[in-house]
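For reference, the structure is listed below as structure tokens.
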Protein chains: 2
Amino acid sequence: MAVRALGASRRAQVGALRGASTRAQVYQLIRRAIVSLELLPGQALSENELAAQYAVSRTPVREALIRLADEGLVEVVPQFGTFVSRISVQDVIEVRFIRETLELASLPHAVERIGPEGERKLRRILAEQEDAEQQGDLQQWFTTDEDLHRTLLEIGGHPKIWPIVSSAKAHLDRVRMLPMPDPGHLQELRAQHSAIVDHVVAKDLPAAEQVLRHHLQLALDALKPLEERFPDYFSEE
Amino acid sequence: MAVRALGASRRAQVGALRGASTRAQVYQLIRRAIVSLELLPGQALSENELAAQYAVSRTPVREALIRLADEGLVEVVPQFGTFVSRISVQDVIEVRFIRETLELASLPHAVERIGPEGERKLRRILAEQEDAEQQGDLQQWFTTDEDLHRTLLEIGGHPKIWPIVSSAKAHLDRVRMLPMPDPGHLQELRAQHSAIVDHVVAKDLPAAEQVLRHHLQLALDALKPLEERFPDYFSEE
DNA sequence: CGATGAATGCTTGTATGCTAGGATACCATG
DNA sequence: CATGGTATCCTAGCATACAAGCATTCATCG
């Protein structure tokens with residue numbers, strides 16, 4: 001009763017993701033809420049509450065939470081509660097290392113295999129990113145950022161690497177959402193993207209490697225101050 | 001009724017894994033059955049049958065299947081059925097690349113950080129592996145193999161890499177189970193392990209890298225003939 | 001005889017009731 | 001007043017009932 005009544009407003013959101021199962025929809029919604037820091041690290045989640053919010057039963061919510069627990073985005077304590085995971089600094093560092101390693105390893109293949117089609121694709125993504133930047137659309141900016149890195153992997157002939165990087169980088173994404181970075185920062189990141197693409201197209205591997213390495217390092221430099229500023233969002237460990 | 005009656009025999013198996021939740025137990029059992037090829041690629045699974053076998057309800061079985069689907073070990077077709085995934089050659093190649101890349105990237109750190117304690121640990125695992133080899137205990141052999149690679153990553157200061165490699169390498173493991181390799185093959189692999197440990201201890205990075213690279217390459221060499229011999233176990237893609 | 005369609009039995013997806021256990025607040029007792 | 005026990009409310013885990021969809025099969029009609 002209360003369930004259906006409360007959920008009516010959210011029904012539209014769910015409907016926007018139709019085509020997939022309810023579980024998949026709920027999973028996406030909760031995941032986005034966590035990564036976008038709408039749901040804060042450490043916050044308690046209730047299967048019942050979530051079910052009410054999304055106007056579904058506990059089952060799909062529960063199944064979505066299981067998947068999120070596998071990704072490390074939530075922690076389930078039996079008979080006690082479910083909580084949004086705090087950000088582990090160690091995890092962030094390690095994920096960055098993994099990502100850097102895999103993307104660098106793929107880069108030589110990308111340089112080798114890049115053709116006119118790949119270049120068009122990359123240029124188009126860069127253009128989209130510039131648009132997003134000028135319109136101040138952060139969400140869209142991050143989306144194009146993902147597109148770029150994924151496309152580079154695909155051009156390198158390693159499409160399966162992305163899902164691994166993607167699921168591992170959830171914590172990284174939350175860090176990225178923290179400071180609502182100033183436009184200047186975004187501009188710098190995009191300039192680096194542009195440089196990487198140029199180097200890859202020009203088949204200048206060492207230069208591309210150097211920029212990519214520096215590019216992924218930036219997220220880490222911002223970590224320490226953020227940890228001091230938002231201590232509640234990080235785990236002690 | 002029929003459920004509980006049938007399940008009585010399996011109850012002992014489940015009990016052996018007590019301490020974790022039922023869902024986790026069922027997950028482990030099904031996963032092992034898939035990786036060990038007890039459940040064959042392409043085979044249809046039924047939530048009801050599995051629930052009956054393990055003497056539990058559909059719920060924990062279903063939740064375990066969701067997790068296995070995320071790992072790519074099963075494929076769920078809504079309102080139709082759940083199937084053990086066929087082995088994707090592309091996946092196997094890519095996973096090997098990922099694994100090789102990450103382990104190689106960690107190796108310099110391992111060489112740098114290795115100490116007496118780490119060496120003892122590695123030597124002990126090698127000894128266990130030799131035991132397993134002489135007793136012909138394949139399962140134990142693979143377990144020690146995992147121990148060795150994981151320990152190398154831990155010594156390198158990258159413990160979080162293992163879960164990623166581990167979940168990604170499920171397909172690889174199934175390939176490894178296919179030919180029931182002759183003891184000579186095992187012996188060769190173990191000799192390489194031993195060589196890697198020696199080189200790491202001696203802090204001879206290039207030598208260690210070369211052996212590790214060759215070591216992980218072997219699984220790939222065996223792929224083609226296996227694909228021809230067991231075409232039903234591989235996906236077309 | 002062939003083709004079409006309805007019925008049936010399977011599947012997974014969702015909803016809901018029930019169980020076991022922990023945390024807390026309150027009341028009784030020393 | 002302090003302290004301990006108990007009752008209650010919360011949680012997630014599990015079992016079960018119901019709903020929806022696909023595939024096959026069998027019967028009926030052309």
Side-chain angles (χ1 to χ4, degrees), chain A residues 1-8 10-11 13-15 17-30 39 42-70 73-85, chain B residues 1-8 10-11 13-15 17-30 39 42-70 73-85:
Chain A
M1 325 273 144
V3 172
R4 296 215 159 271
L6 244 179
R10 287 271 186 166
R11 205 39 170 166
Q13 291 187 32
V14 175
L17 292 169
R18 73 180 172 281
S21 68
T22 301
R23 166 176 76 244
Q25 299 166 22
V26 171
Y27 164 79
Q28 286 290 348
L29 289 171
I30 299 178
L39 296 174
Q43 179 174 346
L45 299 179
S46 162
E47 292 182 358
N48 281 315
E49 276 184 31
L50 291 170
Q53 281 186 359
Y54 298 127
V56 296
S57 79
R58 274 182 56 209
T59 303
V61 170
R62 186 180 163 67
E63 294 174 349
L65 287 178
I66 289 172
R67 195 169 164 189
L68 290 168
D70 285 340
L73 281 178
V74 306
E75 285 167 17
V76 177
V77 183
Q79 330 306 18
F80 181 57
T82 303
F83 306 88
V84 178
S85 299
Chain B
M1 318 268 148
V3 172
R4 296 213 159 272
L6 244 179
R10 286 271 185 166
R11 205 40 169 164
Q13 290 186 32
V14 174
L17 291 170
R18 74 179 170 284
S21 68
T22 301
R23 166 175 78 244
Q25 298 167 22
V26 172
Y27 164 78
Q28 287 290 349
L29 289 171
I30 299 178
L39 295 174
Q43 179 174 347
L45 299 179
S46 161
E47 292 182 359
N48 280 314
E49 275 185 29
L50 291 170
Q53 281 185 359
Y54 298 127
V56 295
S57 79
R58 271 183 60 208
T59 304
V61 170
R62 187 177 162 67
E63 293 172 349
L65 287 178
I66 289 173
R67 192 169 167 186
L68 290 167
D70 284 339
L73 281 178
V74 306
E75 285 166 19
V76 178
V77 183
Q79 330 305 17
F80 182 58
T82 303
F83 306 87
V84 178
S85 299

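On a predicted model such as this, the values are computed, not experimentally measured, just so you know. Below, chains carry the letters A, B, ... as their sequence lines are ordered, and counting in each starts from 1.
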For the helix from C:dC1-D:dG30 to C:dG30-D:dC1, measure the angle between the helix axis at one end and the axis at the other, each built from five pairs, rounding to 10°.
-> 20°
Hey, is the side chain of [X] poking within less than 4.0 Å of OP1 or OP2 on [N], counting only N and O atoms?
X	N	value
A:S57	C:dT14	no
A:T59	C:dG13	no
B:R62	C:dG13	yes
B:S46	C:dT11	yes

Integer-rounded Å distance: D:dA15 P and B:R23 CZ = 12 Å
Return the value, rounded to whole Å, for the distance between atom CD1 of A:I66 and atom P of C:dG13.
->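 So the two atoms are 13 Å apart, to the nearest Å.
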Calculate, to the nearest 0.5 Å, the distance between atoms CG and OH belonging to B:D70 and A:Y27 respectively.
->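 The OH atom of A:Y27 is 7.0 Å from CG of B:D70, to the nearest 0.5 Å.
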Using distance only, find each side-chain donor-acceptor pair of residues 73-84 of chain B under 3.5 Å and give its atom names and separation, not counting sequence neighbours.
none

Close side-chain approach of A:L68 and A:L65, heavy atoms under 4.5 Å |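 A side-chain contact exists here, since the closest heavy-atom pair is under 4.5 Å.
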Taking C-beta and beyond as the side chain, do B:T59 and B:R23 meet within less than 4.5 Å on heavy atoms?
-> no
For residues B:L45 and B:L50, report the shortest heavy-atom separation together with the two atoms involved.
-> CB-CD1, 4.2 Å
Could you list by number each residue of residues 77-84 of chain B showing a heavy-atom separation from DNA chain C of less than 4.0 Å, or answer none if no residue does?
->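 Within residues 77-84 of chain B, the residues near DNA chain C are B:V77, B:P78, B:Q79, B:F80, B:G81, B:T82.
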Can you sort out the partners of B:R62 under salt bridge (charged side-chain N to carboxylate O under 4.0 Å, His left out), two or more places apart, ordered by chain and number?
-> A:E63, B:E47
Starting at the 5' end of DNA chain C, which residue's closest nucleotide do you reach first, A:R58 or B:L45?
-> B:L45
Residue A:E47, side-chain atoms from C-beta onward, closest of D:dG13, D:dT11, D:dT16 |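 Among the listed nucleotides, the one closest to the side chain of A:E47 is D:dG13.
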